[in-house]
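Since the structure comes first, as structure tokens, the remarks are kept for the end.
Hydrogens, waters and symmetry mates play no part in the numbers below; they use all other heavy atoms, side chains included.
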Amino acid sequence: MKASKSSIRLMASPFSLENREKLSQIQTIVTLFAALYSLDEIPKGQLRRREIVMRAPAPTVLVVGATGRFAGLVVPELIRRNASVRALIRDPENAEKARRLGASEVVTGNLRNPQSLENAVEGVDGVFHIGPAFAPDEACMGVAMVEAAARAGVRKFAFSSVIQPTNTRLENHASKVPVEDALYSTNMEYTILHPANFMQNIAAAWPSVVRDGVFSEPFPKTAKLARVDYRDVAEVAAIALTEARLSYATLELCADGMHSQEEIASMMSEELGRPLSAGEPTFGEWAENARLPYDDRQLQLLAKVHDHYAKYGLGGNSLTLRAALGREPRSLRSFIRELALQTAQIA
């Protein structure tokens, strides 16, 4: 079979203008392709994707109540993810504590003062907000923070709400709903966290447990509650504020299982190596021993929460926390073991 004259010319002149243009296009494609893929040492003929790290500027995150018992756990998690933390504190005397936690900036403000919120959110990329428990105007303060952040063009907002916020029989749950509702009417990438009962509440009672050999909460010792280590909540908040994968998520956050006081006392006994029992004090007895910084109104609201636990317990599921963390959540057993080890080191 004879080749045509045109094909003969093409074979005879491989570097004609037309072919040079095509070759140039091919070289461009190969160059772009090589930028994405490593072509050396390709195993079994399969392409190996080259990891290309695009380093974005480190975000600045405002942490509300950064020196508090719970928000203070968020600060180191953010720093671990290369974020800069601006701490919002009410008492200037806590500024040094905020810096020790790792905050690079400290601003003094009040959630009841809109102008102080405007100043606090100026220039930040994200906000972590947790409201003051049982405050009569908790919802108003939370909504004010959301609105100030939205006006300032903040990109991300993580709100530490509560498990079952639509359980409106409990005022401290219902007070979270207006804040969540306000977030839905912004252009911010919000993440709403619904944590169960905090394991850190057990840590607060630990000295009396070690002293008296009794673990007690003011509801039946057979009532079962879902709990969560707030360090895991803090980690989820930091992920939400520094990555995209938790944007617009509403996450129920619980460790595995629901445990009664009897089960918790048994764990404590095993970890301490001595017998402990579970108690059932009245709310008044328990509150007096706990010495909570609450007024009479706040104590009445907390008593209603414990009445609810007495009747229904507190349900929860660990599925979303496990998925958000990409690992197993911290267990109640491991939390109690940590407390026991600290006690052994002090002794």
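Taking both residues in full, the closest heavy atoms of Ala340 and Leu272 are given as CB-CD2, 4.0 Å, listed atom of the first, atom of the second, then distance. Between Ser175 and Pro178, the shortest heavy-atom distance links the atoms O-CD, 3.5 Å. Smallest separation of non-hydrogen atoms from Leu299 and Ala287: CD2-CB, 4.4 Å. Across all non-hydrogen atoms, the minimal contact from Gly313 to Leu225 is CA-CD1, 4.3 Å. Residue Ala255 comes nearest to Pro329 through the heavy atom pair CA-CB, 4.3 Å, listed as atom of the first residue, atom of the second, then distance. The minimum heavy-atom distance between Ser104 and Ser84, with the atom names listed, is OG-CB, 3.9 Å.
Classification of the Trp286-His306 ring pair by plane angle, with boundaries at 30° and 60°, yields perpendicular. The aromatic rings of Phe134 and Tyr294 sit perpendicular, their planes meeting at an angle over 60°, well past the 30° parallel limit. Classified by interplanar angle (parallel below 30°, tilted 30° to 60°, perpendicular above 60°), the ring pair His129/Phe157 is tilted.
Summarising the local packing, CD of Glu288 is surrounded by 12 or fewer heavy atoms from other residues, nucleotides or ligands at distances under 6.0 Å. Crowding of Asn187 atom CG: a count of heavy atoms from other residues, nucleotides or ligands under 6.0 Å not exceeding 12. Counting non-hydrogen atoms of neighbouring residues, nucleotides and ligands closer than 6.0 angstrom, the CZ atom of Arg274 exceeds 12 such neighbours.
Residues passing the side chain to side chain donor-acceptor pair (under 3.5 Å) test with Gln200, sequence neighbours excluded: Asp229. Legend: residues meeting salt bridge (charged side-chain N to carboxylate O under 4.0 Å, His left out) with Glu105, ordered by chain and number and at least two apart, are Arg86. Not counting sequence neighbours, the partners of His194 by the side chain to side chain donor-acceptor pair (under 3.5 Å) test are Glu180.
Both Met188 and Leu62 belong to a common hydrophobic cluster when Ile, Leu, Val, Met, Phe, Trp and Tyr are linked at side-chain heavy-atom distances under 4.5 angstrom. Linking Ile, Leu, Val, Met, Phe, Trp and Tyr residues whenever their side-chain heavy atoms come within less than 4.5 Å places Leu253 and Phe70 in a single cluster. Hydrophobic clustering places Phe159 together with Val64 (ILVMFWY residues linked when any side-chain heavy atoms are closer than 4.5 Å, directly or through intermediates). When the side chains of ILVMFWY residues are joined at heavy-atom separations under 4.5 Å, either directly or via intervening members, Val85 and Val124 end up in two distinct hydrophobic clusters. Criterion: ILVMFWY side-chain heavy atoms under 4.5 Å apart, direct or through other members. Under it, Phe128 and Met141 are not part of a common hydrophobic cluster.
Residues Leu117 and Leu88 meet the side-chain proximity criterion, which asks for heavy atoms closer than 4.5 Å. Taking 4.5 Å as the limit, some side-chain heavy atom of Val236 sits within range of a side-chain heavy atom of Leu325. You'll find the side chain of Ile239 reaches within 4.5 Å of the side chain of Arg81, heavy atoms only. Looking at heavy atoms from C-beta onward, Met268 lies in side-chain contact with Ile202 at the 4.5 angstrom threshold. Counting heavy atoms from C-beta outward, Pro132 and Leu111 have side chains that approach closer than 4.5 Å. Contact of the Ile79 side chain with the Val75 side chain is registered, since non-hydrogen atoms from C-beta on lie closer than 4.5 Å. Inter-residue side-chain proximity for Val107 and Asn119 is flagged as unmet; no heavy-atom pair is nearer than 4.5 Å. At a threshold of 4.5 Å between non-hydrogen side-chain atoms, the residues Asp307 and Phe283 do not count as touching.
The backbone N or O of Val162 sits nowhere less than 3.5 Å from a side-chain atom of Lys176 that would complete a donor-acceptor pair. Remark: the backbone N or O of Phe335 is not paired with any side-chain donor or acceptor of Glu338 at under 3.5 angstrom. A distance-only check finds no donor-acceptor pair linking the side chain of Ser216 to the backbone of Pro281 [under 3.5 Å]. Judged by distance alone, the side chain of His259 and the main-chain N or O of Ile264 form no donor-acceptor pair under 3.5 Å. Glu263 places a side-chain N or O within donor-acceptor distance of the main-chain N or O of Ser260, the cut-off being under 3.5 Å. Side-chain N or O atoms of Lys156 include none that pairs as donor or acceptor with a backbone N or O of Thr242 at under 3.5 Å. Without hydrogens or angle criteria, Glu262 side chain to Thr222 main chain gives no donor-acceptor distance under 3.5 Å. Although no hydrogens or angles enter the test, the distance criterion places a donor-acceptor pair under 3.5 Å between the side chain of Thr320 and the main chain of Glu252.
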Derivation and outcome, side-chain contact (heavy atoms from CB on, under 4.5 Å), residues Phe219 and Gln261: CA-CA 9 Å; Phe219 44 84; Gln261 292 178 69; 3.5 Å; yes
Candidate pair Arg327 and Arg322, rule side-chain contact (heavy atoms from CB on, under 4.5 Å), full reasoning: CA-CA 6 Å; Arg327 61 168 174 80; Arg322 184 178 295 104; over 6 Å; no
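Contact check on Glu77 versus Arg231 returns no salt bridge, with no Lys/Arg side-chain nitrogen under 4.0 Å from an Asp/Glu carboxylate oxygen. Checked for salt-bridge contact, Glu271 and Arg337 meet the test: a charged N lies under 4.0 Å from a carboxylate O. Looking at Arg227 and Glu217, a side-chain N of the basic residue comes within less than 4.0 Å of a carboxylate O on the acidic one, giving a salt bridge.
The distance from the CG atom of Asn289 to the CG atom of Asp212 is 7.0 Å, given to the nearest 0.5 Å. If you take CG on Asn317 and CE on Met258, they are separated by 10.5 Å, rounding to the nearest 0.5 Å. Note that the CD atom of Glu270 and the CZ atom of Arg333 stand 4.5 Å from one another [nearest 0.5 Å]. Taken from OG in Ser331 to CE in Met199, the straight-line distance is 6.5 Å, to the nearest 0.5 Å. The structure places CD1 of Ile130 at 3.5 Å from OH of Tyr230, a figure rounded to the nearest 0.5 Å. Atom CG of Leu339 is separated from atom CH2 of Trp206 by 5.5 Å, given to the nearest 0.5 angstrom.
A side-chain hydrogen bond (donor to acceptor under 3.5 Å, both in side chains) with Glu171 is found for one member of Gln298, Arg297, Gln300, Lys304 and no other, namely Arg297.
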